[in-house]
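Accompanying notes for the structure given below.
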Protein chains: 2
Amino acid sequence: MTGEAPTEITLLRTRSLTSVVRQEIERLILTGAIEAGSRLNEQALAARLGVSRGPVREAIRGLERQGLVVTVVNQGSYVRKVSVEEALELYDLRALLTARACEVIAAGPPPGAEARLAALVEEMERAAEADDAPRYYALNLQFHDALMELGSGPRAQRIYADLGNELHLFRRRALVQPEKMRESNAEHAALLAAFRARDPAAARAAGEAHIRGGKRRFAASSPGANSTKPQQTAPGGHDDQESPPQHDPPQPARRRRR
Amino acid sequence: MTGEAPTEITLLRTRSLTSVVRQEIERLILTGAIEAGSRLNEQALAARLGVSRGPVREAIRGLERQGLVVTVVNQGSYVRKVSVEEALELYDLRALLTARACEVIAAGPPPGAEARLAALVEEMERAAEADDAPRYYALNLQFHDALMELGSGPRAQRIYADLGNELHLFRRRALVQPEKMRESNAEHAALLAAFRARDPAAARAAGEAHIRGGKRRFAASSPGANSTKPQQTAPGGHDDQESPPQHDPPQPARRRRR
DNA sequence: GAAGTGCAAATCGTCAACAGTTTGCACCCT
DNA sequence: AGGGTGCAAACTGTTGACGATTTGCACTTC
């Protein structure tokens, strides 16, 4: 062919296959196409993506470090299952980062920051009135991303994003309920007011309160918070430093075929 | 069995080769044996560790996600070089996490926590008086790890550890100066006092102040904070999402042989 | 003499294959 | 009939090899 468009082949020149594969697997996990707790079959994934097992394995290692999957030695990799306790900690950490970002923004907001945030709050208001939960959800995401972008460095933003992804793994993300949207957006408005007042302490408090509110709403909608033990968490304490006395079958999720 | 000691062979049964390789490469990087900015030669590493290139590549992917190395497509992986700006952000984030941990500890210290921390401060005091910087450094590390362990969840601890590792990449860690040790340990003592007083707010402030003090001491000892641009940082904004208009040779660190 | 061009070596990215381990079913024994 | 054992298939872990790209030196040319 003479006039080749930027097809897949062309993309491979500027981006490693491993990178593409990881992004795709990550997408599959986050959208729930792979569902938490299930096994990642390497050759099945390789076949599905039309590549060899090498890139797939490398991609999985990255995901492992990212906290999305856990791997058992001669057994395979599983999509990580976050327990209630872990999810709550994730909320706490996000609260910490958000609060800090809000503090910074209030101390010296970049030009256009307030207008941008105000516009988002405005749109969320309309979405809430229309009971358009998906739209509210998307806007809310944008709002928080903007918060982190305006008030944090790149490293903090990445941590925040990673925490968000991990949170997705908590058995089917709790959907926002229509009623909660107004409550949530009221907190957004309070945050905005603190920004306008140039009050860092108030902004920090409002930011933390907002995420804690989200945590509370999350905990309330959590399905009973199944009292089973945290069961399958990250292998070692640090990551994989040493794990001598610990070897429990990740879960009885059977291999399905044969 | 006849009584075989846990030799290398035995270890391979319980721990993937990739895991061992990654830990080793990480050690090489953190101890400075590989020095920041230099290239990671895959087959050289493979030969050195006595394995094939596969595990080495997988290990590098993990390190990449961890933020210790950056990879350019058809060129190779480099030990990441953190700029002054990035190092300062890392300090900020550690301050955030430490402050939170201190707050939690002061709110309800686990049994034995205060005694454990007090003992460490005591030892650091003696090390400072003896001008034993290496020992002080090690004890200080223990102290902060203990802080995180006592006042944070596992996820926060891992983030903290990762940030610490990244900080090691800032061109030859600034050594603690004899004089600074007393200053630093005084802050430790203040923290301890806040714990004993069960004053979360004071503990939080003291914790944050301490890390900020460390940041200040670090910035002061920073070699001029070379005013060159951040040059080689993480490729894309988020990680590797998309990086179309960016392709600068990581650095003119030449390939050395031929 | 300096800049541009071409070639060859080194190295990365990817693939296919081999060995070891785990797993699940079927069979056998009690 | 219930439980234990053995075997075979599937899958992971690792290796070696091939093709593609980059890079640095040498040569040519202005």
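From a predicted model like this one, the values you see are computed outputs, not experimental measurements.
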Quick one: is B:Gln75 getting a side-chain N or O under 4.0 Å of the D:dT23 phosphate, OP1 or OP2?
yes
Between CG of B:Leu17 and P of C:dA19 the distance, given in whole Å, is 17 Å
By side chain to side chain contact (heavy atoms under 4.5 Å, CB included), B:Arg216 pairs with (sequence neighbours left out) B:Glu183, B:Glu187
If each end axis of the helix from C:dG1-D:dC30 to C:dT30-D:dA1 is fitted on five C1' pair positions, the angle between them, to 10 degrees, is 0°
Worksheet item: Looking across every strand, which nucleic acid part, if any, lies under 4.0 Å from A:Leu40 by heavy atom: base, sugar-phosphate, or nothing?
Response: sugar-phosphate
_Does D:dT23 have its OP1 or OP2 closer than 4.0 Å to a side-chain nitrogen or oxygen of B:Arg39?_
no
Those residues at least two apart in sequence (or on a different chain) that pass side-chain hydrogen bond (donor to acceptor under 3.5 Å, both in side chains) with B:Thr18 are B:Glu58
Residues passing the salt bridge (charged side-chain N to carboxylate O under 4.0 Å, His left out) test with A:Arg135, sequence neighbours excluded, are A:Glu123
Out of D:dC11, C:dC12, C:dT14, minimum distance to the side chain of B:Glu42 belongs to C:dC12
Checklist entry - When you check the gap from the basic side-chain N to the acidic O, do B:Arg65 and A:Glu64 get nearer than 4.0 Å? => result no
Salt bridge (charged side-chain N to carboxylate O under 4.0 Å, His left out) filter on A:Glu149, not counting sequence neighbours, yields A:Arg116
Sequence neighbours excluded, the answer for side chain to side chain contact (heavy atoms under 4.5 Å, CB included) partners of A:Glu89 is A:Leu93, B:Pro154, B:Arg155, B:Ala156
Within residues 46-56 of chain A, the residues having a heavy atom closer than 4.0 Å to DNA chain C are A:Val51, A:Ser52, A:Arg53, A:Pro55
Sequence neighbours excluded, the answer for salt bridge (charged side-chain N to carboxylate O under 4.0 Å, His left out) partners of B:Arg100 is B:Glu103
Would you say A:Asn41 places a side-chain N or O within less than 4.0 Å of OP1 or OP2 belonging to D:dC11?
yes
Sequence neighbours excluded, the answer for salt bridge (charged side-chain N to carboxylate O under 4.0 Å, His left out) partners of B:Arg27 is B:Glu24
For A:Gln43, answer base if it contacts any base atom (sugar-phosphate contacts may also be present), sugar-phosphate if it contacts only those atoms, and nothing otherwise; contact means non-hydrogen atoms under 4.0 Å.
base
Cation-pi between A:Arg212 and A:Tyr91: NZ/CZ under 6.0 Å from ring centre and within 45° of the ring axis?
-> no
Rounded to whole Å, CD of A:Glu58 lies from C1' of D:dT12 at a distance of 16 Å
Regarding the side chain of A:Arg57, the nearest nucleotide among C:dT23, C:dT14, D:dG13 is D:dG13
